[in-house]
Amino acid sequence: MSSGDTIAPPFFSILSALFILSAASIFGKIRDVIYFLLHPFKVKGETGYAPIRDPTEDFYMRRMYGRIVDCWNRPICSAPTAWVDVMKRERVRDTTGVDTAHIVPIGGHTRCLNLSSYNYLGFAAFDPYCTPRAVLAIENLGISSCSPRVHAGTTSVHVELEELVARFLGVDDAITYGMGFATNSSTIPALVGKGCLVISDALNHSSIVAGIRASGAKVKVFRHNDADHLEKLLRLAIAEGQPRSHRPWKKILVIVEGVYSMEGETCRLKEVVEVAKKYKAYTYLDEAHSIGALGPTGRGCCEHWGVDPRDVDIMMGTFTKSFGSCGGYIAGKREVVEHLRRHSPAHLYACSMAPGCVEQVTSALHVMMGMDGTDRGKQKIDQLHDNANYVRSRLLAMGLDVLGSWDSPVMPIMTYNAAKMVAFSRLTLARKLAMVIVGFPATPVLLTRTRICISASHTREDLDWAIEQMEEVVDLCMLRYRTKALYQLVESELKDHVKRHFGPEIAERATIKALATGELDLRKSKDLSTKAVEGGVGVGIGIGGNAQQQQQHQTQSTSAKPKRAAANSKAQLEGKGPAASPRNGETHRKPLASVQAHAKAFVVSK
Amino acid sequence: MSKYRVVACLALTIVVPLVSACLVSSAYAYALSDNKQLLNFFSFRGIADAFRAFWDIVGPGGKLHPAYFLEHKGHLIIEGALILVIIYLALQHSFKVRHHAEEPLTEKEIDQLCKEWSPEPLVPSPAGVLEPPEPHVITGLEGPYVYLKGRKEKVINAASSNYLNMANNKENKTESIETVNTYGVGSCGPRGFYGTIDKHLILEKELAEFYDTEAAIIYSYDVATIASIIPAFANRKDIIIYDECCSYPIQTGCTISRARVALFKHNDMEDLTRIIENFEAEEKAKNKPLCRKLIVVEGIYANYGDMAPLKSIWEIKNKYKYRLMVDESHAFGVLGTTGRGACEHFGLKPGQVEIIAASMSHAMGSVGGFCVGDRDIVEHQRLSGSGYCFSASLPPYLAVAGSHMLRLLRPDKSGNSPGKELMSLLQKRVRSLRDQLKGIPGLKLFGGAALPSPVLHVHLAKSSGNPVEDQETLYKIADHVLVNGGVLVAVSQYSKLDIRRPPPSLVIYANVALGEKEILTVVGALRKAVRDVIKA
């Protein structure tokens, strides 16, 4: 699919985007001049100190970002599950006038469909299996151990989790940290240093960049997801050696991500690992978004592509996303993990992961591995893929320029224009959809986008309702940028995807349209083609069938607490719930029904 | 070069005679056409005539004069020639004299090189390095005691920096559990993308109120807090000066920022002044524009347990217009009348120190970190602090635990608070621990007995001179203390990434839950262990 480097905005949208940006900056300058005329002697900050921000950045913050500050950092006051309570906010009139925009909650909240949290498997809210166990861990082991792992921070739950992670991933050993960002930024310096080379994908996450910077290793960047370019760089790097001294590199580390968070694309792991192996480079796979979300049993990118996890030297991942907790892990060969236990600063100096968070991950892993005695884990991952592919096909059918790969729960929709992005965000919030928009500086100026993250806790009704709402907004914002060529490309990718996972017979029938209209139900076909899958990818598929499809409503989406449901109906009475919007007319009933179903399911499972 | 010279010589030998022959013949022809007397080169007059005739052609008005040539479309030829020259120059890659590049490697050679290259192993082999013992696995808590895996009886925990015993506080736990039940465990997103939960906003507001600053910001992990704050306030052009004993997060923050970094000797104000003056002189000499300048110190040094002389540092900072950043991790909730930390302890008012950062995993009994300061300072981090923007936010129940601690510390109308009592109790414990630890023969307490710091680093009195050997001795002592005395103490362990490895030490943390009885046990066990191990 169109990758980060090759997304080309249409010519007219480039023009309009540039026009909007220059207008905003010209007006900003004019306002600055007027402010200066009104307060000619006012000086910001103490004299003798350089300003905290450099003037350009300061201008951007005040006059550009300040206008659209309401689109980010929206606070919520509920668990980040399928439906969230987004708090209402209001802009505070700035007394100084030159400061950044200030926006504060004013009380009250709106219940919105959550299309933004990384709650892929739906473990974010109360879970009948995980939450009681996490609570027990807090009770037994305290809120925090207040000590690094090497002192008194290693508890029985930590040891258990590390063993379980290693087993889940199929590697020797694993080490866990209390934060995903710190996992990358403290592990990379412990592995590479001066005289080493890191070859990093162009779209790698900021934590990887921080880690590389802290390590002192040289870095080269290869084109996003382009294994050929990687090979070219590797050959050149090995042949030329270190810059200036031309000594051979001590080691070369190739760093890629499983699913790129702003593109939704899965890494072409097979090619990357092949190339790296050929040239004796080490691979570092960051599975922050892919662990739990990709692969038939949620084991991540390796399972998705059929790569042996032992071929990847370092498997990194986080517990924040799929497992609804916090922290991260590094898994791999025993000696690598042992080395990290001895030298990783986050292991030696940082407070160990809070026991409650640890237990949440352990129990989520239990569910995913079927160790809780049910097949909820299997249901969750199937539901996630089903939801993700369904929404992707609907969005593509709607004519949106959607990035990302099939099965990936992250789907950015290109808006190409900062103003459209902001409009989209505000209009969708007004229609009770909580969505994320991403603009400069996280993406290039012209490649602004809005992003949907799909969760297993979304029901089909939720998603249908969301798409219906979105359709109106898309019309208003004129976002149908998808070209015919893109559509065909994505469709061929779909056929490939289905062929790999479901066998060639179904692949023939696989079209975006069939998926969008529901003619093709991959979840049902999965059971029919179990044999084909076992032959093709070599991943065993557990039971699960049409009968469970009906039960699924009850077993899978138990993440909603009765309290939440009650709060929802109460909010509805007060005119705050999804039912309150008069514009929504009929549609409101569907999401509400799903919440009630959740509540019922909870009672049943109890 | 010589080739060019030959060409030039040839050109000259051909062109010069040709031109002169041309000129002479044309002069001849001119003279003939006027029916004048034949030129006679052998008389003076003849030569003069010849010259005149020549001048008629070549001089102003003559047919071979440049002006005539230019007027009759000759300029076109010259302009054309000039254009050709320009095109030629434009087509050159550079105007420098180019060396002959070495022949590029052929594909075959690159293949060979790739085959020959053998990388170092991903991690160095652990052989020959002192193997630290496996950390003890805690299976349960009971007051100041913990249960360890493989041991039946409980042991005293002197290795947790749980100063105010907040992490095991019953009410605190109940509140946290309630939060877990309603909000779940994780926040499932960064702060920008619906990961801001009301509990975070409450904690931030309470922190700002507690420190009497305009705003506060919370991070989700302690080592990432300072390592993200520093790069937000410094880049290549800026200056950071920090104490050489600062711990790893500060070091890595400075490395990531890529600023000009200088280290001053531990707690040495003269050295700090000297370094600042060097920088000032350098800036002045180069006439550089004003850059951001930052001094970073720790309130209580995690790796030593002593304190920074903040009052004098503040004076220096104020004199030279540097910004001051203090890591209050171990001092927050411990020092100062209201528990604001070392700054308050030294009488600095809120706002005098620009950036105060601290970990939430010590006195607060939670996990994470925070930073307080002016709105400018805090709001800037919300877009530039990479550990804030690009990381999932703090689990809401950990934020609630933080709020709980702040509520305890907040004074009521009469100025008293349960937190204050806890703090004075902690000080009592610190004093008694320090007093008794000081007297153990064979050990040396860093910083002495008078320090109010709850971090106690105990070194060997007689170092063997080899840190690895010392470390081994300390491991033995710690093991002895645990097995025979039933006390869990920590042995400091440093990463190879640390710029400076402090001498090996036993680390003991004071804790309000450690009563006098427990302190006696700790000290007794240590005394016995030292006697047994060092003698053996």
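Throughout, protein chains are lettered first and strands after them, A, B, ... in sequence-line order, and every chain is numbered starting at 1. Any value given below was found using the heavy atoms of this structure, including those in side chains, with hydrogens, waters and symmetry copies removed.
In summary, of the residues considered (B:I138, B:N168, B:T139, B:I156), a side chain to side chain contact (heavy atoms under 4.5 Å, CB included) with B:V146 occurs for B:I138 alone. Checked options A:I143, A:L141, A:N140; the residue passing with A:P355 is A:L141 (criterion: side chain to side chain contact (heavy atoms under 4.5 Å, CB included)).
Only the backbone of A:S352 comes within contact range of chain B, judged by heavy atoms closer than 4.5 Å. For B:L148, no part lies under 4.5 angstrom from a heavy atom of chain A. Using a 4.5 Å cut-off between heavy atoms, A:Y282 contacts chain B through its side chain alone, with no backbone atom that close. Contacts between A:N119 and chain B at a heavy-atom distance below 4.5 Å involve backbone atoms as well as side-chain atoms. If you measure heavy-atom distances from B:R382 to chain A, you find no contacts under 4.5 Å at all. With a 4.5 Å cut-off on non-hydrogen atoms, B:H136 touches chain A through its backbone but not through its side chain. For A:T320, the parts lying under 4.5 angstrom from a heavy atom of chain B are both the backbone and the side chain. Proximity to chain B (any heavy atom under 4.5 Å) is shown, for A:V361, by neither the backbone nor the side chain. Using a 4.5 Å cut-off between heavy atoms, B:L394 makes no contact with chain A at all. Interface residue A:A210: backbone and side-chain heavy atoms are both found under 4.5 Å from chain B. In this structure, chain B has no heavy atom under 4.5 Å from any part of A:P148. Contacts between B:L201 and chain A at a heavy-atom distance below 4.5 Å involve the side chain alone, from C-beta outward. Only the side chain of B:N157 comes within contact range of chain A, with at least one heavy atom under 4.5 Å from a heavy atom of that chain. Contacts between B:L122 and chain A at a heavy-atom distance below 4.5 Å involve backbone atoms as well as side-chain atoms. With a 4.5 angstrom heavy-atom cutoff, A:R451 touches chain B only via side-chain atoms. At a 4.5 Å heavy-atom cutoff, the contact between A:A134 and chain B is made by side-chain atoms alone. With a 4.5 Å cut-off on non-hydrogen atoms, B:M166 touches chain A through its backbone but not through its side chain. With a 4.5 angstrom heavy-atom cutoff, B:S492 touches chain A only via backbone atoms. Both the backbone and the side chain of B:I256 come within less than 4.5 Å of a heavy atom in chain A.
Remark: B:K321 NZ is packed, more than 12 non-hydrogen atoms of other residues, nucleotides or ligands lying under 6.0 Å away. Annotation: B:K288, atom NZ; neighbour count of heavy atoms from other residues, nucleotides and ligands within 6.0 Å is above 12. Residue B:K496 places its NZ atom among more than 12 non-hydrogen atoms of other residues, nucleotides or ligands, all under 6.0 Å distant. Residue B:E134 qualifies as open at atom CD: its count of foreign heavy atoms under 6.0 Å is 12 or below.
Counting heavy-atom pairs closer than 4.5 Å to chain A, the top residue among B:P124, B:S160, B:G189 is B:S160. Heavy-atom pairs under 4.5 Å with chain B were tallied for A:D54, A:I238, A:L234; the largest tally goes to A:I238. In terms of heavy-atom pairs under 4.5 angstrom with chain B, the leader among A:G356, A:A350, A:S117, A:G142 is A:A350. Put simply, of A:A346, A:S185, A:A190, the one with the most heavy-atom pairs under 4.5 Å next to chain B is A:A190. Most heavy-atom pairs under 4.5 Å with chain A: of the set B:P135, B:A158, B:G192, this distinction falls to B:G192. Put simply, of A:K280, A:R149, A:E57, A:Q360, the one with the most heavy-atom pairs under 4.5 Å next to chain B is A:K280. Comparing A:H339, A:M179, A:R342, A:H205 by how many heavy-atom pairs each has under 4.5 Å with chain B, the most go to A:M179. Of the listed residues (A:L191, A:I252, A:V159, A:V84), the greatest number of heavy-atom pairs within a distance under 4.5 Å of chain B belongs to A:I252.
The main-chain N or O of A:Y118 is never found under 3.5 Å from a side-chain atom of A:K321 such that the two would form a donor-acceptor pair. In terms of modelled atom types and a separation under 3.5 Å, the side chain of B:K173 and the main chain of A:E139 share a donor-acceptor contact. The backbone N or O of B:R292 sits less than 3.5 Å from a side-chain atom of B:D238, completing a donor-acceptor pair.
Proximity of A:H158 to A:S156: side-chain heavy atoms (C-beta onward) are nowhere separated by under 4.5 Å.
For an aromatic pair to be called close, the ring centres must be under 6.0 Å apart, and A:Y279 with B:W117 fails this. Under the 6.0 Å cut-off for aromatic ring centres, B:Y509 and B:H362 do not qualify, their centroids lying 6.0 Å or more apart.
A salt bridge does not link B:E109 with A:R235: every distance from a Lys NZ or Arg NE/NH1/NH2 to an Asp or Glu carboxylate oxygen is 4.0 Å or more.
For the residue pair B:Y219/B:Q381, the side-chain donor-acceptor check at 3.5 Å is satisfied.
Using the six-membered ring where Trp is involved, B:Y494 and A:Y349 have ring planes that are tilted, between 30° and 60° apart.
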